[in-house]
S.K.: 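The structure is given below, and queries will be raised subsequently.
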Amino acid sequence: ILIKTEIIEKLLVPLYPQNHLISNWRFVLKQWVIEDKQRKRKIIMHTFADMGLNEQILKALTEIGFEEPTPIQEKSIPIVLMGRDILGSAQTGTGKTASFTLPMIDILASGRAKARLPRSLILAPTRELAAQVADSFEKFSSYHKLSMALLIGGVSFTEQNAALSKGVDVLIATPGRLLDHFERGKVLLNDVKILVIDEADRMLDMGFIPDVERIAGLLPRMRQTLFFSATLSDDIQKLGAKFVMNPKVIEVAPPAATADTVAQHLIWTDVKKKREILRDILRHEAVKNAVIFCNRKRDIAELIKSLTRHGFSAVALHGDMTQSARLEALQRFKDGEVPLMIASDVAARG
Ligand code: AMP
């Protein structure tokens, strides 16, 4: 906004005498411009409703408490609904999961699954990530009759087979376990119309790409592919190009490292005093629940023993536990039954 100094002096200062300094007015005007920009941005911003998602999805979202789409959702949902491929760069925490699950639910709402022939496939690098995607899918599709199967290691084949034989709309899997089922003839991939490759950079780090390529080779060529990675480095873009066709490239800024509401503190201490200080914090800060990370799995068992001796109750979470033990620990922690979770840094990543 350009306003002449004389106008400020003649018109505005008499109206607001407390702002008699021109520099004050500069400040006020700047604020107006910022507020105005924000208002305009709000007006042009999409809502879940005007992106074309169906009523049942909107109802589920209202119940979950999602009011507005995040930037990745705003960019991806209309593109997925159009049937186009995506090469997306988004990290966990940006709302990436809903950016592909919501439009998938909308697309899959019409049509029915046949036995052993899933209609869509979501590949994730770890069991935990696959389980998280499945959780979101279930929540978002609470008003739909879509069937889902989760194929991850550490869970019995029998249960997974039963789900597959009924027919699934969405198959969520880690690559190794999916190939196991395929080799046993329990699943066929020729009816998959939508493929999601989630966290492709981690798949690459973990050496899963050959499996993913094999799986993609079993799918129909005419399909929609949504490829997501935390970063879109040259290598990842080259890799992505093998799976997608004429994709829309979508990038969003990584989420802030820490939410504004999180205070961070660093305590310097002697190794020997660590446990005592931890107990002190847990008692004096009236901690309702906390996740405590340890470097080594061995430290987890020791810390739990020591905390238990001092009257605290804690569960462990690390990569050496069986899947059912991990799920049980997570559930007990989520339900508030056990207030402390002692986890390895591997668990922290996924
Ligand atoms: P994600 O990046 O998919 O792992 O999502 C990160 C977190 O943000 C999850 O806890 C989601 O439930 C939450 N979330 C995703 N989209 C929204 C939204 N539009 N409004 C509020 N929370 C959201």
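Here, residue 1 is the first one in the sequence, and each next residue gets the next number. Counting starts at 1 for both ligands and their atoms, following the listed order. Worth knowing before you read on, the calculation uses all heavy atoms, side chains too, and leaves out hydrogens, waters and symmetry mates.
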S.K.: Closest non-hydrogen protein atom to atom 3 (O) of ligand 1, residue and atom name please, with distance?
M.R.: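 Residue, atom and distance for the closest contact: T97 OG1, 2.6 Å.
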S.K.: Report, in ascending order of atom number, the atoms of ligand 1 lying under 4.0 Å from any heavy atom of E68.
M.R.: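 Those of ligand 1 that fall under 4.0 Å from E68 are 18 (C), 19 (N), 20 (N).
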S.K.: Give a yes or no on this: more than 12 heavy atoms of other residues, nucleotides or ligands lie within 6.0 Å of atom CD of E302.
M.R.: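 Yes, because the 6.0 Å sphere around CD of E302 holds more than 12 heavy atoms from other groups.
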S.K.: In this structure, are over 12 heavy atoms from other groups packed under 6.0 Å from D234 atom CG?
M.R.: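 Counting neighbours around CG of D234, 12 or fewer heavy atoms of other residues, nucleotides or ligands fall under 6.0 Å, so no.
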S.K.: Do any N/O atoms on P69 end up under 3.5 angstrom from N/O atoms on ligand 1?
M.R.: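 In this structure, P69 places no N or O atom under 3.5 Å from an N or O of ligand 1.
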S.K.: Would you confirm whether any non-hydrogen atom of the protein falls under 4.0 Å from atom 7 (C) of ligand 1?
M.R.: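 Answer no: nothing from the protein, no heavy atom, is under 4.0 Å.
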S.K.: Does ligand 1 come near enough to E67 that some N or O of the ligand is less than 3.5 Å from an N or O of the residue?
M.R.: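 E67 vs ligand 1: no N/O contact under 3.5 Å.
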S.K.: Quick one: does S141's side chain have a donor or acceptor within less than 3.5 Å of a partner on H144's backbone?
M.R.: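 Not a single qualifying donor-acceptor pair exists.
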S.K.: What closest approach, in Å, do K186 and R116 show between heavy atoms, and which atom pair accounts for it?
M.R.: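 Smallest interatomic distance, heavy atoms only, reads O-NH1, 2.7 Å.
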S.K.: Where is the nearest protein heavy atom to atom 11 (C) of ligand 1: which residue, which atom, and how far?
M.R.: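 It is F66 CZ, 3.8 Å.
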S.K.: If you measure every N or O of K139 against every N or O of ligand 1, does any of those distances drop under 3.5 Å?
M.R.: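 No; the residue has no nitrogen or oxygen that sits under 3.5 Å from a nitrogen or oxygen of the ligand.
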S.K.: At under 4.0 Å between heavy atoms, is it the side chain or the backbone of F100 that contacts ligand 1, or both, or neither?
M.R.: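 None of F100 does.
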S.K.: Can a donor-acceptor pair be found between the side chains of E276 and T269 at a distance below 3.5 Å?
M.R.: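 No, T269 and E276 have no side-chain donor paired with an acceptor closer than 3.5 Å.
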S.K.: Report yes if some N/O of G93 lies less than 3.5 Å from some N/O of ligand 1; otherwise report no.
M.R.: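 It does: an N or O of G93 is found under 3.5 Å from an N or O of ligand 1.
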S.K.: Looking at E183, I want to see if its CD is surrounded by more than 12 non-hydrogen atoms of other residues, nucleotides or ligands under 6.0 Å.
M.R.: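 More than 12 heavy atoms, drawn from other residues, nucleotides or ligands, come within 6.0 Å of this atom.
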S.K.: Could you identify the single nearest non-hydrogen protein atom to atom 16 (N) of ligand 1 and state the distance to 0.1 Å?
M.R.: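 Heavy-atom neighbour on the protein nearest atom 16 (N) of ligand 1: Q73 NE2, 2.8 Å.
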S.K.: Report, as yes or no, whether the 6.0 Å neighbourhood of atom CZ on R112 holds more than 12 heavy atoms from other residues, nucleotides or ligands.
M.R.: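 No, because the 6.0 Å sphere around CZ of R112 holds 12 heavy atoms or fewer from other groups.
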S.K.: If you measure every N/O of T92 against every N/O of ligand 1, is any gap under 3.5 Å?
M.R.: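 There is no such contact.
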S.K.: Any non-hydrogen protein atom below 4.0 Å of atom 19 (N) of ligand 1?
M.R.: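 For atom 19 (N) of ligand 1 the answer is yes, since some protein heavy atom falls inside 4.0 Å.
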S.K.: Can you tell me if S165 uses its side chain to pair, donor with acceptor, with the backbone of A162 under 3.5 Å?
M.R.: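 It does hold such a pair.
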S.K.: Which of parallel (below 30°), tilted (30 to 60°) and perpendicular (above 60°) describes F228 and F100?
M.R.: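 Answer is tilted, since the angle falls between 30° and 60°.
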S.K.: Just jot down the ligand 1 atoms closer than 4.0 angstrom to any heavy atom of K96, in number order.
M.R.: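 By the 4.0 Å cutoff, the relevant atoms are 1 (P), 2 (O), 3 (O).
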